[in-house]
Amino acid sequence: MYILGIESSCDETSVSVVRNGREVLSNIISSQADIHAKYGGVVPEIASRAHTEAIYSLCESALAQSGVDIADINAVAATYAPGLIGALLVGLNFGKALAYKLNVPLIPVNHIAGHIAAAYIENKNLEPPFLAFVASGGHTSILNVSDYTKFEILGMTRDDAIGEAFDKTARAMGFPYPGGAEIEKCANLGDKTSVKIPMAKVEGSELDFSFSGIKTHVINYINSIQQKNGVLTDTDKNNIAASFTENAIQSVILRIKRAIEITGHKTLVCAGGVMANGHIRDALKNLCSTLDVKLYIPDKKYCGDNAAMIAVQGFYEFQAGHIAGLNQNAFATFDF
Ligand code: KG4
Ligand code: ZN
């Protein structure tokens with residue numbers, strides 16, 4: 001079965017062709033990061049327009065690279081939620097038109113479920129049930145995945161997503177959007193004990209996250225250094241990045257450990273753009289080896305937004321009979 005996947009929920013336009021659920025034949029991604037960098041973050045209206053301009057040729061390229069004739073595509077899977085509404089509508093409506101033209105089913109895919117499905121690509125034996133952690137620019141969620149299409153949210157962020165906290169911290173240090181990867185580079189050279197950042201807690205909810213306090217603390221710290229010394233040196237940046245990363249890691253580890261204790265899961269899948277971070281990957285590897293939990297993290301190329309993960313999840317949604325009508329809407333938020 002050949003599924004053509006489409007992703008356009010934020011600032012990456014992507015089209016992919018996947019065979020029989022887990023074999024990625026092509027996965028073309030066009031990032032708009034450079035366009036949004038000058039505004040310091042994603043501008044929704046500009047994102048929608050850039051998706052519109054990119055999607056047709058990406059679709060042609062994804063088909064060409066896969067070697068699959070368009071007439072042999074058996075279904076079209078498109079992200080319908082959550083994300084920027086205008087951006088989602090571009091990919092979803094393109095998917096609708098394609099499905100209609102080819103007379104094949106349209107499969108609506110949840111973006112968070114897609115991030116988790118990225119772990120299936122290189123781990124052919126991985127199957128639910130398992131515990132999942134999705135860490136991206138828009139989401140920070142711990143989920144119980146009881147089946148391929150059955151998800152229960154156990155914990156989530158009450159304010160900023162973890163990736164957003166990375167990006168805002170990076171921005172405060174003068175790095176362009178999205179600054180997560182820059183923070184990782186700086187953190188490699190910094191002292192993680194140098195800046196004291198209080199651990200955030202969500203009263204009465206041990207699996208929920210809060211990152212806005214950490215981000216504000218770091219921004220205030222940066223302002224105080226700039227007032228005192230005039231400039232932020234490279235050493236300051238490295239130390240702030242390392243201390244911020246350490247705080248984010250401890251916040252993640254504490255909750256994942258607790259979620260493992262509560263659910264008794266022996267398998268953990270961690271996904272999303274922030275999982276490209278080597279420090280967080282290493283901390284999760286250590287935790288899982290201590291707890292004797294099997295850990296799956298997608299290859300870095302499948303951590304960020306991509307359409308292969310949407311086509312993979314689309315395969316399981318299709319098997320569960322989750323087909324959309326041509327009146328399918330897109331949603332900025334979601335509920336499993
Ligand atoms: O999953 P994703 O591509 O898009 C969303 O669904 O949001 O995640 C993007 C996020 C951005 O916040 C970006 O800064 C962050 O992932 N990110 C990183 C790293 N690479 C990307 N954060 C920390 N360290 C990295 N190496
Ligand atoms: Zn994402």
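Predicted model, so just to flag it, every value in this text is computed and none were measured.
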Trainee: Who are the ring pair (Phe, Tyr, Trp, His ring centres under 6.0 Å) partners of Phe133, not counting sequence neighbours?
Mentor: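 Scan of Phe133 (ring pair (Phe, Tyr, Trp, His ring centres under 6.0 Å), adjacent residues dropped) gives Phe209.
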
Trainee: On a heavy-atom basis, which atom in Ser26 and which in Ala62 lie closest, and how many Å separate them?
Mentor: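 Minimum heavy-atom contact is OG-O, 2.7 Å.
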
Trainee: Judged by modelled atom types alone, do Thr233 and Asp236 share a side-chain donor-acceptor pair under 3.5 Å?
Mentor: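 Yes, Asp236 and Thr233 have a side-chain donor paired with an acceptor closer than 3.5 Å.
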
Trainee: Verify side-chain hydrogen bond (donor to acceptor under 3.5 Å, both in side chains) between Tyr2 and Asp69, making sure each step is shown before the conclusion.
Mentor: CA-CA 10 Å; Tyr2 295 109; Asp69 192 285; over 6 Å; no

Trainee: Could you tell me which residues satisfy side chain to side chain donor-acceptor pair (under 3.5 Å) with Glu317, sequence neighbours excluded, listed by chain and number?
Mentor: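 With sequence neighbours excluded, Glu317 shows a side chain to side chain donor-acceptor pair (under 3.5 Å) to Gln313, His322, given in chain and number order.
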
Trainee: Side-chain heavy atoms under 4.5 angstrom apart, residues restricted to Ile, Leu, Val, Met, Phe, Trp, Tyr: same cluster for Ile116 and Ile310?
Mentor: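 Ile116 clusters together with Ile310.
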
Trainee: Show your working on side chain to side chain contact (heavy atoms under 4.5 Å, CB included) between Cys10 and Asp305 and close with a plain yes or no.
Mentor: CA-CA 8 Å; Cys10 190; Asp305 289 349; 4.1 Å; yes

Trainee: Does Met199 have any side-chain contact (heavy atoms from CB on, under 4.5 Å) partners at least two apart in sequence or in another chain, and if so, which?
Mentor: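 With neighbours one apart ignored, the set is Asn247, Gln250, Ser251.
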
Trainee: For a side chain to side chain contact (heavy atoms under 4.5 Å, CB included) check, start with the C-alpha distance between Ile240 and Leu232, then their side-chain angles and the critical distance, and finish with the verdict.
Mentor: CA-CA 10 Å; Ile240 291 165; Leu232 206 60; 4.2 Å; yes

Trainee: Any donor and acceptor pair, going by atom type alone, linking the side chain of Arg22 with main-chain N or O of Asn123 inside 3.5 Å?
Mentor: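 The answer is yes, because a donor-acceptor pair under 3.5 Å joins these two groups.
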
Trainee: Restricting to pairs with a member in residues 215-230, which pass salt bridge (charged side-chain N to carboxylate O under 4.0 Å, His left out), not counting sequence neighbours?
Mentor: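 Counting only pairs at least two positions apart or across chains, the salt bridge (charged side-chain N to carboxylate O under 4.0 Å, His left out) contacts touching residues 215-230 are Asp160-Lys215.
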
Trainee: Contact between Ile256 and Ile142 at the side-chain level, heavy atoms closer than 4.5 Å - yes or no?
Mentor: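 Heavy-atom side-chain distance check passes, below 4.5 Å.
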
Trainee: Scan for ring-ring contact (aromatic ring centres under 6.0 Å, His included) pairs involving residues 136-168, sequence neighbours excluded, and state none if there are none.
Mentor: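 The answer is Tyr120-Tyr148, Tyr148-Tyr316, Phe151-Phe336, Phe166-Phe244.
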
Trainee: Partners of Glu12 by salt bridge (Lys or Arg N to Asp or Glu O under 4.0 Å), sequence neighbours excluded?
Mentor: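 Once residues adjacent in sequence are excluded, Glu12 has no partner under the salt bridge (Lys or Arg N to Asp or Glu O under 4.0 Å) criterion.
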
Trainee: Which heavy atom of Asn306 sits nearest a heavy atom of Lys301, and at what distance?
Mentor: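 Reported closest heavy-atom pair: ND2-O, 4.3 Å.
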
Trainee: Is there a donor-acceptor pair under 3.5 Å between the side chain of Asn27 and the backbone N or O of Ser16?
Mentor: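 Checked: no pair found.
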
Trainee: Between Arg49 and Glu53, is the closest basic N to carboxylate O distance under 4.0 Å?
Mentor: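 A salt bridge is absent here (no side-chain N lies under 4.0 Å from a carboxylate O).
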
Trainee: Using side-chain contact (heavy atoms from CB on, under 4.5 Å) as the criterion, list what pairs up with Ser194, not counting sequence neighbours.
Mentor: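 For Ser194, the residues satisfying side-chain contact (heavy atoms from CB on, under 4.5 Å) (neighbours in sequence not counted) are Asp191, Asn239, Ser243.
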
Trainee: Is it true that a side-chain atom of Asp208 and a backbone atom of Met156 form a donor plus acceptor pair closer than 3.5 Å?
Mentor: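 Checking the backbone N and O of Met156 against the side chain of Asp208, a donor-acceptor pair under 3.5 Å is found.
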
Trainee: Which residue pairs satisfy the salt bridge (charged side-chain N to carboxylate O under 4.0 Å, His left out) criterion with at least one member in residues 126-153, sequence neighbours excluded?
Mentor: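 Residue pairs with at least one partner in residues 126-153: there are none.
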
Trainee: Report the C-alpha separation of Ile253 and Leu284 in whole Å, then their side-chain angles, then the decisive distance to 0.1 Å, and conclude whether the side chain to side chain contact (heavy atoms under 4.5 Å, CB included) test is met.
Mentor: CA-CA 7 Å; Ile253 293 297; Leu284 284 160; 4.0 Å; yes

Trainee: Can you name the closest pair of heavy atoms from Val134 and His115 and give their distance?
Mentor: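 It is CG1-CB, 4.1 Å.
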
Trainee: Under the rule for side chain to side chain donor-acceptor pair (under 3.5 Å), what residues qualify as partners of Gln226, not counting sequence neighbours?
Mentor: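 Checked Gln226 against side chain to side chain donor-acceptor pair (under 3.5 Å); zero matches.
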
Trainee: Given Phe130, which of Val293, Leu268, Thr267, Asn144 fulfils the side-chain contact (heavy atoms from CB on, under 4.5 Å) condition?
Mentor: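 Result: among Val293, Leu268, Thr267, Asn144, Thr267 is the only option passing the side-chain contact (heavy atoms from CB on, under 4.5 Å) with Phe130.
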
Trainee: Hydrophobic clustering (ILVMFWY, side-chain heavy atoms < 4.5 Å, transitive) - are Leu63 and Ile29 grouped together?
Mentor: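 Result: no, two separate clusters.
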
Trainee: With the side chain counted from C-beta on, respond yes when Leu143 and Leu154 share a heavy-atom pair under 4.5 Å apart, and no when they do not.
Mentor: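 They are not in contact (no side-chain heavy atoms under 4.5 Å apart), so the answer is no.
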
Trainee: Do Ile3 and Val17 pass the side chain to side chain contact (heavy atoms under 4.5 Å, CB included) test, and can you show the C-alpha distance, the side-chain angles, and the key distance before you say yes or no?
Mentor: CA-CA 6 Å; Ile3 297 186; Val17 178; over 6 Å; no

Trainee: Going by atom type alone, with no hydrogens or angles, which donor-acceptor pairs under 3.5 Å involve a side-chain atom of residues 80-94 and a protein atom two or more places apart or on another chain?
Mentor:
residue	atom	partner	partner atom	Å
Asn93	ND2	Leu89	O	3.3

Trainee: Applying ring pair (Phe, Tyr, Trp, His ring centres under 6.0 Å), can you list everything that pairs with His51, at least two apart in sequence or on another chain?
Mentor: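 Result, ring pair (Phe, Tyr, Trp, His ring centres under 6.0 Å) vs His51: none returned.
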
Trainee: So do the side chains of Tyr39 and Ile46 get within less than 4.5 Å of each other, counting heavy atoms only?
Mentor: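 The answer is yes, as the side chains (C-beta and beyond) meet within the 4.5 Å cut-off.
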
Trainee: Between Leu25 and Glu23, is there a side-chain heavy-atom distance shorter than 4.5 Å?
Mentor: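 Yes, side chains in contact.
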
Trainee: Within the 4.5 Å heavy-atom criterion, are His111 and Glu7 side-chain neighbours or not?
Mentor: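 Yes - at least one pair of side-chain heavy atoms lies under 4.5 Å apart.
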
Trainee: Among residues at least two apart in sequence or on other chains, which ones pass salt bridge (Lys or Arg N to Asp or Glu O under 4.0 Å) with Lys257?
Mentor: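 Applying salt bridge (Lys or Arg N to Asp or Glu O under 4.0 Å) to Lys257 gives Glu261.
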
